[in-house]
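This one's a predicted model, so the numbers in the text were calculated from it and none came from an experiment. Below, all heavy atoms of this structure are taken into account, side chains as well, without hydrogens, waters or symmetry copies.
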Amino acid sequence: MNRILACYLTLLALTAPLAHAVEPITHKILAQDNNHVVVLNEKGDVEWEVPCKFTSHDIALLPNGNYLLHMSDTTIVEMTPDKQVVWKHESKPTEGHKAVQIHAFQRLENGNTMVSEAGNARIIEVDKDDKIVKEFPLSIEHPSTHSDTRLVRKLDNGHYLVAHENDGIVREYDDAGKVVWSYKLGLAGRPESPGHGPEGHGDHVYSAYLSTGNTLIGCGNGNRVIEVTPKGDIVWSIDQHELPGITLAWVTMLEVLPNGHIVIGNCHAGPENPQLIEVTRDKQVVWTLKDFKNLGNSTAATQLLGAEGKVIR
């Protein structure tokens with residue numbers, strides 16, 4: 001009996017790890033690069049695509065199943081899964097401005113769409129008929145049609161969190177357009193250097209998000225991610241060479257998943273590095289996407305699809 005029991009316990013010990021094996025993390029994603037917008041399934045296969053020769057800086061799957069897409073410097077569209085355009089917005093230069101570029105947009109809960117206009121240096125909100133229902137000017141120190149802003153998000157409290165790329169500053173505006181908080185990136189103790197890839201370093205910030213009361217910042221060509229308190233103290237960060245085997249270049253969009261993991265957009269980093277990286281709060285890499293067949297070296301706008309729970313992006 002003891003021998004039979006011993007054999008049973010041995011078999012149980014050998015099979016227990018299999019019963020508790022952790023499935024590898026996989027994600028379905030929406031992204032733009034390589035002249036198209038594409039949905040890649042968990043296996044990396046193309047499920048949906050539409051031509052787009054423009055390099056997008058923002059992108060979204062809407063709750064109704066349609067896509068909000070950045071199709072040119074001045075144009076965003078809402079497109080159905082069967083590729084019908086059901087809504088369109090085109091920005092035009094305002095008086096005194098020669099050109100305008102869109103770098104961020106967001107469908108709001110009331111159905112309106114927030115659009116950030118570089119060149120015009122303003123934020124507007126437009127309704128379903130593309131009529132401007134709200135606008136206010138942005139505070140700009142170093143005007144640039146291409147770089148007044150990158151990502152902008154309207155917060156739950158009605159404020160706007162704006163990544164001012166050319167100024168190297170994140171500013172929070174209240175509902176009336178007044179700056180109520182700001183954070184200047186700086187160079188983090190490194191010399192400034194030219195280039196879009198890992199060799200380049202500067203303070204051209206790409207994105208900022210409000211998370212657990214702090215602000216999570218994708219530092220653009222600052223080559224890192226930082227989390228700062230309302231007082232401006234850095235309490236968490238991932239630096240350019242901190243993740244094993246990965247070099248950060250132009251850090252673009254971030255996503256905070258319901259489990260607390262953070263997905264990092266790693267643009268212009270070259271084929272040696274992944275375009276997307278998922279890390280835990282203790283900086284363990286749990287998933288990456290490196291796809292230079294369907295995407296390329298300019299993947300800036302992405303969204304993970306199918307996450308259960310609230311995603312900050």
In terms of side-chain geometry, is the basic nitrogen of Lys134 or Asp127 positioned less than 4.0 Å from the acidic oxygen of its partner? no

Can we say Glu42 and Lys28 salt-bridge, meaning some charged N sits less than 4.0 Å from an Asp/Glu carboxylate O? no

Can you list the steps and then say if Arg224 with Glu242 is a salt bridge (Lys or Arg N to Asp or Glu O under 4.0 Å)? CA-CA 9 Å; Arg224 63 180 185 150; Glu242 192 168 352; over 6 Å; no

Without swapping roles, check the side chain of [X] against the backbone of [Y] for a donor-acceptor pair under 3.5 Å.
X	Y	answer
Asp239	His241	no
Asp291	Lys293	yes
Asp58	Ala104	no
Thr75	Ser72	no
Gln32	Cys52	yes
Glu172	Ser182	no
Asn34	Leu295	yes
Trp287	Ile277	no
Tyr206	Glu165	no

Identify each donor-acceptor pair in which a side-chain atom of residues 300-311 lies under 3.5 Å from a protein atom, sequence neighbours left out, and give them as a table.
{"from": "Gln303", "atom 1": "OE1", "to": "Leu61", "atom 2": "N", "distance (Å)": "2.7"}
{"from": "Lys310", "atom 1": "NZ", "to": "Asp156", "atom 2": "OD2", "distance (Å)": "3.3"}

Only pairs under 3.5 Å count here: list side-chain donor-acceptor contacts from residues 137-144, not counting sequence neighbours, and write none if there are none.
{"from": "Glu141", "atom 1": "OE2", "to": "Arg171", "atom 2": "NH2", "distance (Å)": "3.3"}
{"from": "Ser144", "atom 1": "OG", "to": "His146", "atom 2": "N", "distance (Å)": "3.3"}
{"from": "Ser144", "atom 1": "OG", "to": "Ser147", "atom 2": "N", "distance (Å)": "3.0"}

Can you check salt bridge (Lys or Arg N to Asp or Glu O under 4.0 Å) on Glu272 and Lys290, steps first, answer last? CA-CA 9 Å; Glu272 303 83 11; Lys290 184 163 67 172; over 6 Å; no

Is the shortest heavy-atom distance from the side chain of [X] to the side chain of [Y] under 4.5 Å?
X	Y	result
Trp236	Arg281	yes
Ile217	Tyr183	yes
Met79	Val50	yes
Ile123	Val162	yes
Glu125	Glu135	no
Val39	Ile29	no
Met253	Tyr209	yes

As an exercise, state the distance from NE2 of His196 to CG of Asn221, rounded to the nearest 0.5 Å. 8.0 Å

Distance in Å, Gln106 CD paired with Met114 CE, rounded so as to fall on 0.5 Å steps: 4.5 Å

Residues in side chain to side chain contact (heavy atoms under 4.5 Å, CB included) with [X], at least two apart?
X	answer
Lys128	none
Arg190	His201, Asn223, Gln240
Thr80	Asn66, Asp82, Gln84, Val86
Asp45	Asn41, Lys43

Name the residue from Asn112, Thr113, Asn64 that meets the side-chain hydrogen bond (donor to acceptor under 3.5 Å, both in side chains) definition with Arg107. Thr113

ring-ring contact (aromatic ring centres under 6.0 Å, His included) partners of Trp48, counting only residues at least two apart: Tyr67

I need the minimum non-hydrogen distance between [X] and [Y], along with the two atoms involved.
X	Y	result
Val228	Ile234	CG1-CG1, 3.8 Å
Ser298	Asp33	N-OD2, 3.0 Å
Thr145	Ala118	O-CB, 3.1 Å
His89	Ile102	CD2-CD1, 3.9 Å
Gly218	Val205	O-CG2, 3.6 Å
Thr229	Asn214	CA-OD1, 3.3 Å

Show your working on side-chain contact (heavy atoms from CB on, under 4.5 Å) between Ile124 and Val126 and close with a plain yes or no. CA-CA 6 Å; Ile124 62 173; Val126 297; 3.9 Å; yes

Before you tell me yes or no, could you show the steps for Thr74 and Ser91 under side chain to side chain donor-acceptor pair (under 3.5 Å), namely the whole-Å CA-CA distance, both residues' side-chain angles and the distance that decides it to 0.1 Å? CA-CA 5 Å; Thr74 59; Ser91 287; over 6 Å; no

Apply side-chain contact (heavy atoms from CB on, under 4.5 Å) to residues Ile59 and Leu68 and explain how you reach the verdict. CA-CA 6 Å; Ile59 200 166; Leu68 201 57; over 6 Å; no

Within a 6.0 Å radius of atom NZ on Lys178, are there more than 12 heavy atoms belonging to other residues, nucleotides or ligands? no

Check the pair Trp181 / Tyr173 against side-chain contact (heavy atoms from CB on, under 4.5 Å), numbers first and verdict last. CA-CA 7 Å; Trp181 182 84; Tyr173 297 78; over 6 Å; no

Strictly by ring pair (Phe, Tyr, Trp, His ring centres under 6.0 Å), give each pair with a member in residues 215-234 just once, sequence neighbours left out. none

As a test of understanding, state which of Val279, Asn273, Leu276, Ile246 forms a side-chain contact (heavy atoms from CB on, under 4.5 Å) with Thr288. Ile246

Can we call the ring centroids of His70 and Phe54 under 6.0 Å apart? yes

Without placing hydrogens or testing angles, list every side-chain donor-acceptor pair under 3.5 Å for residues 260-270, not counting sequence neighbours.
{"from": "His261", "atom 1": "ND1", "to": "Asn259", "atom 2": "ND2", "distance (Å)": "3.4"}
{"from": "His261", "atom 1": "ND1", "to": "Glu278", "atom 2": "OE2", "distance (Å)": "2.7"}
{"from": "Asn266", "atom 1": "OD1", "to": "Ala249", "atom 2": "N", "distance (Å)": "2.8"}
{"from": "Asn266", "atom 1": "ND2", "to": "Thr247", "atom 2": "O", "distance (Å)": "3.1"}
{"from": "Asn266", "atom 1": "ND2", "to": "Pro274", "atom 2": "O", "distance (Å)": "3.2"}
{"from": "His268", "atom 1": "ND1", "to": "Asn297", "atom 2": "O", "distance (Å)": "3.0"}

Identify, with sequence neighbours excluded, every residue that meets side-chain hydrogen bond (donor to acceptor under 3.5 Å, both in side chains) alongside Thr94. His97, Asn120

Contacts of Asp148 meeting salt bridge (Lys or Arg N to Asp or Glu O under 4.0 Å) (sequence neighbours excluded), chain-then-number -> none

Salt bridge (charged side-chain N to carboxylate O under 4.0 Å, His left out) pairs, two or more places apart, involving residues 87-106: none

